[in-house]
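Because the structure is predicted, anything quoted here is derived from the model rather than measured. Every chain is numbered from 1, with letters handed out A, B, ... down the list of sequences.
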Amino acid sequence: MLDLKFVRSNLDLINDMLKDRGYDLDLSGFQSLDKKRRSILTSLEELRYRRNKVSDQIAVMKKNGEDVSSLISEMKAVSKEIKEIEAELPDIMDQLNRPLMVIPNIPHESVVVGKDADDNPVIRRWGKIRDFDFDPLPHWEIGENLNILDFSRAAKIAGSRFSLQTGLGATLERVLINFMLDIHTNNHGYTETLPPFLVNSVSMTATGQLPKFREDLFKVDGWDLFLIPTAEVPVTNIHRDEILSFNELPIKYVSYTPCFRSEAGSYGKDTRGLIRQHQFNKVELVKFCCPEDSDQELESLTADAEEILQSLELPYRVVSLCTGDLGFSAAKTYDIEVWLPGQQLFREISSCSNFTDFQARRANIRFRRKKGSGTELAHTINGSGLAVGRTLVAILENYQQPDGSVVIPEALRPYLNGLSVIKRD
RNA sequence: GGAGAGAUGGCCGAGUUGGCUGAAGGCGCUCGCCUGCUAAGUGAGUGUGGGGCGAAAGCUCUACCGAGGGUUCGAAUCCCUCUCUCUCCGCCA
């Protein structure tokens with residue numbers, strides 16, 4: 001959410017921004033509505049002032065045994081008027097908030113103006129793309145051949161877009177989670193957290209999933225609970241409605257959670273394999289920092305995520321999302337895309353974003369530079385470090401051998417009692 | 001699921017016959033003084049959101065004592081609903 005005062009006085013800028021992002025939003029009534037809000041507020045507060053004053057007066061007069069009946073009947077009318085004006089306010093606030101809740105964040109000045117993913121500039125590439133002397137298979141064939149991925153039984157248990165991993169397929173997933181958590185806690189200084197996997201609607205609103213993206217979420221019937229689409233939601237909400245102290249910033253959390261997404265609107269897309277699932281595992285990095293540091297903190301968080309791929313020796317590239325591809329809450333986003341030789345494409349494996357104060361304003365996450373000074377909104381940054389299932393996919397496809405076996409990356413072998421290759425049973 | 005108790009400022013904790021209590025007192029914290037270090041002592045300050053005025057510092061009004069309603073001229077204090085916490089029982093990993 002953007003600042004009401006900022007929007008009020010920068011409507012032209014906002015409109016240009018919306019056009020760059022490809023949004024169609026009419027904000028023409030905004031200023032007059034806000035003016036109305038303030039005039040209502042002013043008259044309301046004047047009436048309250050009178051009521052407070054006279055009520056005190058009544059107390060004193062009563063003590064002295066004076067007659068207060070005329071004042072009371074007068075105040076009765078004032079109170080009635082206050083109530084009537086108060087009743088108007090929620091509606092006005094709602095009308096003002098509705099556009100405010102659906103205006104996306106303002107892109108960082110470094111973000112390229114563009115239409116869609118084709119306009120995303122590639123920032124850097126890492127690793128050498130392997131030359132295969134055979135036709136590399138997609139991971140679903142590798143996995144089924146090795147008996148570690150079973151999509152048909154997953155469909156029987158839960159339906160499409162679910163997966164069942166067995167034997168080393170399950171172990172590898174678990175080991176990858178540990179591997180990522182170990183690197184981020186030991187080498188990068190993140191604090192590990194294990195949050196609730198279901199959250200209430202207040203939390204979902206604070207991080208921006210609600211009200212705009214309800215159809216992407218799984219809701220628990222009969223409860224005010226949703227399955228989290230990413231650990232970003234519970235972890236960012238750790239500090240909702242808090243005032244952090246300057247010297248504890250930046251706060252850095254790493255969190256493994258399963259993620260649940262309805263993938264509404266993606267029918268027919270990536271229907272095969274582990275790429276687009278209703279449930280998947282992710283290790284998420286979340287930072288809270290002060291405004292002047294957030295650009296740099298995004299860079300370092302992205303580098304922290306990249307280090308996982310480097311350790312696993314998986315080739316990737318980093319792209320910077322253009323205005324048309326940028327997510328709703330983000331001011332700037334780097335997507336890390338891993339190379340998948342079985343499909344001959346780069347596939348997003350991490351999305352690292354600086355939300356500036358956009359999430360913090362909704363979630364009411366502030367900090368104070370020193371005792372007695374005012375509060376400021378913190379900046380929030382997060383990114384995957386990494387999507388676990390897609391990392392497994394990348395390993396299967398990049399490390400596959402002509403005989404159908406898959407070599408285990410060196411860095412993972414200590415986690416697997418030295419196992420160096422997954423072979424057919 | 002059943003029975004009971006509670007929710008006040010960064011923390012602890014008063015306030016429950018409704019009215020100078022945005023909130024006593026204590027702790028913590030910040031700034032100053034004093035004591036040649038440390039400890040102790042001492043003075044002052046120390047919530048957030050919103051509105052108005054102001055270039056700013058600031059001044060002023062308003063709201064907030066778990067959340068939302070209600071009663072009343074007036075509510076932290078009374079009534080209702082909800083949420084959360086704690087204790088006991090039941091159940092369970």
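In this structure, the ring of His379(A) has its center no less than 6.0 angstrom from the ring center of Phe358(A). Between Phe367(A) and His239(A), the gap from one ring centroid to the other reaches at least 6.0 Å.
Going from the C1' atom of G18(B) to that of C65(B) covers 15 Å, rounded to whole Å. Distance noted for atom C1' between U46(B) and G25(B): 16 Å (whole Å). Comparing the C1' positions of A67(B) and U8(B) gives a spacing of 15 Å, expressed to the nearest Å. Of the P atoms belonging to A23(B) and G47(B), the separation is 10 Å, rounded to the nearest Å. Straight-line distance between the P atoms of U62(B) and A76(B): roughly 14 Å, to the nearest whole Å.
Distance, Leu89(A) CG to G49(B) P: 19 Å, rounded to whole Å. For Arg37(A) and G51(B), the CZ to C1' distance is 8 Å, given to the nearest whole Å. As a whole-Å value, the separation of Lys62(A) NZ from G19(B) C1' is 9 Å.
Side chain of Asn186(A) to main chain of Asp182(A): a donor-acceptor pair is present (N/O by atom type, distance under 3.5 Å, no hydrogens or angles). One N or O on the side chain of Asn105(A) and one on the backbone of Ser329(A) form a donor-acceptor pair closer than 3.5 Å.
Qualifying salt bridge (charged side-chain N to carboxylate O under 4.0 Å, His left out) partners for Arg48(A), counting only residues two or more places apart in sequence or in other chains: Glu86(A). Residues passing the salt bridge (charged side-chain N to carboxylate O under 4.0 Å, His left out) test with Arg37(A), sequence neighbours excluded: Asp34(A). Residues that satisfy the side chain to side chain contact (heavy atoms under 4.5 Å, CB included) test with Val202(A), not counting sequence neighbours, are Asn200(A), Arg240(A). Under the salt bridge (charged side-chain N to carboxylate O under 4.0 Å, His left out) criterion, Glu242(A) pairs with no residue, sequence neighbours left out.
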For nucleotides 15-18 of chain B, which of its nitrogen or oxygen atoms have a protein nitrogen or oxygen under 3.5 Å away, and what is each distance?
none

Distances under 3.5 Å between protein N/O atoms and the N/O atoms of nucleotides 54-56 of chain B, please, pair by pair.
none

Give each protein N/O atom lying under 3.5 Å from an N/O atom of nucleotides 27-32 of chain B, with the pair distance.
from   : atom 1 : to        : atom 2 : distance (Å)
G28(B) : N2     : Lys371(A) : NZ     : 3.1

Write out a two-atom table: protein N or O, nucleotide N or O from nucleotides 60-62 of chain B, distance below 3.5 Å.
from   : atom 1 : to       : atom 2 : distance (Å)
U62(B) : OP1    : Asn52(A) : ND2    : 3.3
U62(B) : O2'    : Arg48(A) : NH1    : 3.2

Pairwise N/O distances under 3.5 Å, protein to nucleotides 76-86 of chain B:
none

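Checking Val54(A) against Arg366(A), the closest nucleotide of RNA chain B that is more toward the 5' end is the one next to Arg366(A). Two residues, Ile243(A) and Asp34(A), neighbour RNA chain B, and the one matched to the more 5' nucleotide by heavy-atom proximity is Ile243(A).
The local environment of CD in Glu109(A) is sparse, with at most 12 non-hydrogen atoms from other residues, nucleotides or ligands closer than 6.0 Å.
One finds no salt bridge joining Arg261(A) and Glu263(A) here, because no Lys/Arg side-chain nitrogen approaches an Asp/Glu carboxylate oxygen to under 4.0 Å. Between Arg272(A) and Glu144(A) no salt bridge is recorded (no basic side-chain N to carboxylate O distance below 4.0 Å). Taking 4.0 Å as the cut-off between side-chain N and carboxylate O, Lys287(A) and Glu297(A) count as a salt-bridged pair. Of the charged side-chain nitrogens involved, at least one lies within less than 4.0 Å of a carboxylate oxygen, so that Asp150(A) and Arg153(A) count as a salt-bridged pair.
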5'-to-3' dot-bracket of RNA chain B (Watson-Crick, G-U; under 3.5 angstrom; crossing pairs as [ ]; | other strand): ((((((((.[[[..)...(.....]]]((((((.......))))))(((((((....))))))).[[[[[..)....]]]]])))))))....
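Taking 4.0 angstrom as the limit, Arg38(A) places none of its side-chain polar atoms (N or O) nearer than this to OP1 or OP2 of G50(B).
Across all strands, Lys63(A) comes closer than 4.0 Å to no nucleic acid atom at all (heavy-atom distances). Within 4.0 Å (heavy atoms only), Ile58(A) reaches at least one base atom of the nucleic acid.
Contacts of residues 72-80 of chain A with RNA chain B (heavy atom under 4.0 Å): Ile72(A), Met75(A), Lys76(A), Ser79(A).
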Throw together a table of side-chain donor-acceptor distances under 3.5 angstrom for residues 59-66 of chain A, partners on residues two or more places apart or in other chains.
none

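Listed candidates were C73(B), G51(B), U48(B). Nearest to the side chain of Arg8(A) is G51(B).
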